Amino acid sequence: DHDIGLVSGDAAHSAAVALARKEFELAEDTLSRLNERIMDAPFSKFILSQEDFSGDLFGRGRSRKVYPTLTKNLRILTRAFSPNRVQFLFFHRPEDAWLKSCYAQHLRYRAKFNSYDDFQNHLLNPLDWQALLAKPKEFAGERLHVEDYREDPHAGIQDLLRFVLGPGG
């Protein structure tokens, strides 16, 4: 009975990867074309879920900062999906747990660092979600919702649906 569409497939993934690679024009063009398809669909709400919308995951590239283009990416998403009201849901783990997760992914795909300490020391500044999310919150205001990441395998989808459907959903 809910009027929600899930946007998945190559376009959303390609746009997210373009944002992670800092190919901003390509990302915005891809998202704008996706928005045209969304505008013709019979739903009033849509869910797009891509971790790379936040930017390149720390440890993948050479950056010493965590999500340095997050605010820019939110601006691009907002423009590309205009005139729709874009809202953002950002899950965050405790800093140390998040960094260990990044390190585990790093080990899987590229072994540039010899130890977790080396990986952690590559950060330019210690990870602080409150500081990192200050500018994105300034830009997006109440459209940026931050939720604590929970280990329960069903928690993410439950939190997402509560966010989309509202408290009584």
Side-chain angles (χ1 to χ4, degrees), residues 4-39 41 45-106 108-110 112-113 119-149 156 159-160 163-164:
I4 302 169
L6 176 63
V7 180
S8 60
D10 292 341
H13 177 73
S14 295
V17 169
L19 286 173
R21 292 182 177 161
K22 299 180 183 174
E23 297 170 350
F24 302 116
E25 287 182 29
L26 174 62
E28 189 163 356
D29 289 345
T30 303
L31 291 166
S32 293
R33 285 194 307 278
L34 185 58
N35 187 42
E36 291 171 11
R37 291 195 344 237
I38 287 172
M39 296 293 280
K45 293 181 181 181
F46 289 89
I47 298 171
L48 276 87
S49 178
Q50 294 282 335
E51 184 176 21
D52 284 337
F53 283 155
S54 296
D56 196 20
L57 189 64
F58 179 73
R60 278 191 200 154
R62 298 175 189 259
S63 179
R64 299 187 66 201
K65 296 180 179 178
V66 175
Y67 300 138
T69 61
L70 179 57
T71 304
K72 182 172 188 159
N73 294 358
L74 298 183
R75 288 181 200 283
I76 289 169
L77 287 157
T78 299
R79 274 195 314 267
F81 288 107
S82 179
N84 297 299
R85 184 173 188 271
V86 180
Q87 295 190 68
F88 305 98
L89 179 59
F90 188 93
F91 288 98
H92 69 76
R93 291 182 178 187
E95 286 88 348
D96 193 53
W98 182 85
L99 202 55
K100 285 179 180 170
S101 174
C102 289
Y103 182 62
Q105 287 191 43
H106 164 78
R108 219 165 162 190
Y109 299 108
R110 67 181 333 168
K112 178 179 167 184
F113 300 97
F119 182 78
Q120 192 174 20
N121 290 334
H122 185 68
L123 268 176
L124 192 58
N125 299 308
L127 180 58
D128 174 358
W129 287 123
Q130 188 171 352
L132 188 123
L133 293 172
K135 284 187 180 178
K137 283 181 178 179
E138 185 179 315
F139 164 71
E142 85 284 351
R143 296 180 308 118
L144 176 61
H145 306 266
V146 179
E147 290 281 338
D148 292 332
Y149 175 86
D159 291 341
L160 175 63
F163 169 70
V164 172

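Everything numeric here is computed off the predicted structure, so don't read it as measured data. Keep in mind that the numbers below use all heavy atoms, side chains included, and drop hydrogens, waters and symmetry copies.
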Which atom pair, heavy atoms only, marks the closest approach of [X] to [Y]?
X: Thr30; Y: Ala11; answer: CG2-O, 3.4 Å
X: Val86; Y: Leu77; answer: CG2-O, 4.0 Å
X: Ala12; Y: Gln50; answer: O-CG, 3.9 Å
X: Leu127; Y: Glu95; answer: O-CG, 3.2 Å
X: Pro136; Y: Leu74; answer: CB-CD1, 3.7 Å
X: Trp129; Y: Pro94; answer: NE1-C, 4.3 Å

So [Y] and [X], do their side chains get closer than 4.5 Å, heavy atoms only?
X: Phe24; Y: Leu19; value: yes
X: Val164; Y: Gln87; value: no
X: Arg79; Y: Ser32; value: no
X: Phe163; Y: His145; value: yes

Exercise for the section: Scan residues 58-79 for pairs that pass ring-ring contact (aromatic ring centres under 6.0 Å, His included), counting only residues two or more places apart or in two chains. Expected result: Phe58-Phe119, Phe58-His122, Tyr67-Trp98
Distance from [X] atom [atom1] to [Y] atom [atom2], nearest 0.5 Å?
X: Phe88; Y: Leu48; atom1: CZ; atom2: CG; result: 10.5 Å
X: Asn125; Y: Arg64; atom1: CG; atom2: CZ; result: 9.0 Å
X: Asp56; Y: Leu70; atom1: CG; atom2: CG; result: 12.5 Å
X: Ser54; Y: Leu133; atom1: OG; atom2: CG; result: 9.0 Å
X: Leu31; Y: Phe81; atom1: CG; atom2: CZ; result: 4.5 Å
X: Asn35; Y: Ser82; atom1: CG; atom2: OG; result: 7.5 Å

Is it the case that more than 12 heavy atoms not belonging to [X] sit under 6.0 Å from its [atom1] atom?
X: His13; atom1: NE2; value: no
X: Arg108; atom1: CZ; value: no
X: Lys112; atom1: NZ; value: yes

Practice task
Determine the interplanar angle of the His92 and Phe90 rings, folded into 0 to 90°, and report it as parallel if under 30°, tilted if 30 to 60°, perpendicular if over 60°.
Solution key: tilted
Exercise for the section: Without swapping roles, check the side chain of Asp128 against the backbone of Gln130 for a donor-acceptor pair under 3.5 Å. Expected result: yes
Practice task
Would you mind checking if Asp96 and Lys100 are paired as a salt bridge, meaning a charged N to carboxylate O distance below 4.0 Å?
Solution key: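 A salt bridge is present here (some side-chain N lies under 4.0 Å from a carboxylate O).
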Handout entry: Those residues that, when tested against Asp52, pass side chain to side chain donor-acceptor pair (under 3.5 Å) (two or more places apart)
Key =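 Partners of Asp52 by the side chain to side chain donor-acceptor pair (under 3.5 Å) criterion, ordered by chain and then number, come out as Arg60.
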